[in-house]
Amino acid sequence: MARIGLLTGGGDCPGLNAVIRAVVRSGLAAGEHSFLGFRYGWAGVLENEADELTLGSTAGILPRGGTILGTSRTNPYAGGAGGSAAVRATLEERAVDVLIPIGGEDTLGVALRLHREGVPVVGVPKTIDNDLGGTDVTFGFQTAVQIVTDAIDRLHTTAESHNRVMVLEVMGRHAGWIATHAGIAGGADAILVPERPFDIDEVVAHLARRHARGRSFSIVVVAEGATPREGTLQTRLGTATDAFGHARLGGIGVTLEGEIERRTGYETRVTILGHVQRGGTPVAFDRVLATRFGVAAMSAAAAGRFGTMVALHGTEIVEVSLEEALREPKLLDPSLYATAELFFG
Ligand code: F6P
């Protein structure tokens with residue numbers, strides 16, 4: 001019998017509730033385990049704010065977006081928050097045997113550090129960006145890709161009607177997975193991603209070539225983390241940072257809108273999809289993956305396999321070490337981008 005603590009940290013993500021439900025349901029099916037849900041990520045652990053999670057309190061949450069626990073970007077190792085000593089104190093007071101943090105690189109980075117300092121943790125990977133190492137896919141990603149694909153479909157008809165260039169800015173801080181998958185699915189004419197700094201002259205020449213060949217409109221998908229090749233274009237990215245030191249991105253689409261229109265004379269409009277990509281109900285794939293992750297995390301926690309992260313390898317759910325998962329971000333596969341490029345014509 002174990003007492004399991006859960007928390008959701010970082011940006012929310014469709015499928016978080018499915019993980020919570022799966023941990024509780026599979027844990028109750030396996031034995032007399034009990035569950036405590038910390039509120040607002042690491043903030044709830046530091047402030048000892050938590051609720052019991054039961055069959056009743058987790059019923060009906062499978063299709064719900066967001067997280068019933070709330071989330072935050074609080075970092076227990078930043079600004080004198082108390083680090084592992086503060087975390088350990090709450091876990092002892094609440095008699096929690098093992099903590100299951102559900103999060104991305106930051107939340108799981110904290111989990112790894114806690115593990116090294118002797119705190120029992122089992123991680124569950126989450127990010128719509130799909131850029132976490134150690135796993136082929138994270139839940140939330142497919143939902144985001146579907147939302148972006150729907151947006152591209154809608155932009156196509158209005159772009160065509162007005163003979164416009166449509167710039168669609170999507171999420172993707174370090175990696176262009178969302179932009180590339182949705183760009184392929186929606187038939188984008190150019191995709192700009194963080195892994196490949198772009199040259200605005202080349203982008204503009206490409207659009208001009210398309211239009212010279214008789215195309216009257218273009219769809220440009222740009223990941224928020226995409227950057228111009230050094231010295232080629234002035235951008236105005238924000239300077240505000242969170243507790244993990246990440247800048248708040250957004251705005252590259254606006255720069256592109258202005259530059260494309262100015263340099264080509266084609267009427268251009270930007271759409272910034274923003275948090276629409278993270279909101280709402282998860283698609284079926286993400287519900288299934290999140291459920292499988294929750295069940296696997298519960299097994300690892302009950303068996304004492306700490307310092308691990310559940311992951312998808314091919315079609316199998318496996319456990320990898322947090323160490324391995326966090327070694328480096330999972331960047332875009334160049335061959336996938338090459339496939340997308342074939343259709344830019
Ligand atoms: O990490 C996931 C993510 O959705 C990124 O794609 C994006 O840059 C960031 O979160 C946005 O964070 P916030 O919700 O704090 O604005």
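Nothing here was measured: the structure is a model prediction, and the numbers come from that model. Atoms within a ligand are numbered from 1 in the order they appear, just like the ligands themselves.
- Asp129 OD1, 2.7 Å is the protein heavy atom nearest to atom 6 (O) of ligand 1.
- Remark: among candidates His246, Glu224, Arg278, His275, the nearest residue to atom 8 (O) of ligand 1 is Glu224, based on non-hydrogen atoms.
- Hydrophobic cluster membership is shared by Phe35 and Leu16, with clusters built from Ile, Leu, Val, Met, Phe, Trp and Tyr side chains linked at under 4.5 angstrom.
- Partner of Ser84 under the side-chain hydrogen bond (donor to acceptor under 3.5 Å, both in side chains) criterion, chosen from Arg116, Glu117, Arg113: Glu117.
- When Arg73, Lys126, Glu105, Gln277 are checked for heavy-atom proximity to atom 9 (C) of ligand 1, Arg73 turns out nearest.
- Within the structure, ligand 1 has Gly172 among the residues with a heavy atom less than 4.0 angstrom away.
- Between the side chains of Glu323 and His115, no donor N or O sits under 3.5 Å from an acceptor N or O.
- For ligand 1, the atoms lying closer than 4.0 Å to a non-hydrogen atom of Met171 are 4 (O), 6 (O).
- Ring geometry, Trp177 versus His181: the interplanar angle falls from 30° to 60°, so the pair is classed tilted.
- Residues His211 and Ser216 have side chains that never bring a donor and an acceptor to within less than 3.5 angstrom of each other.
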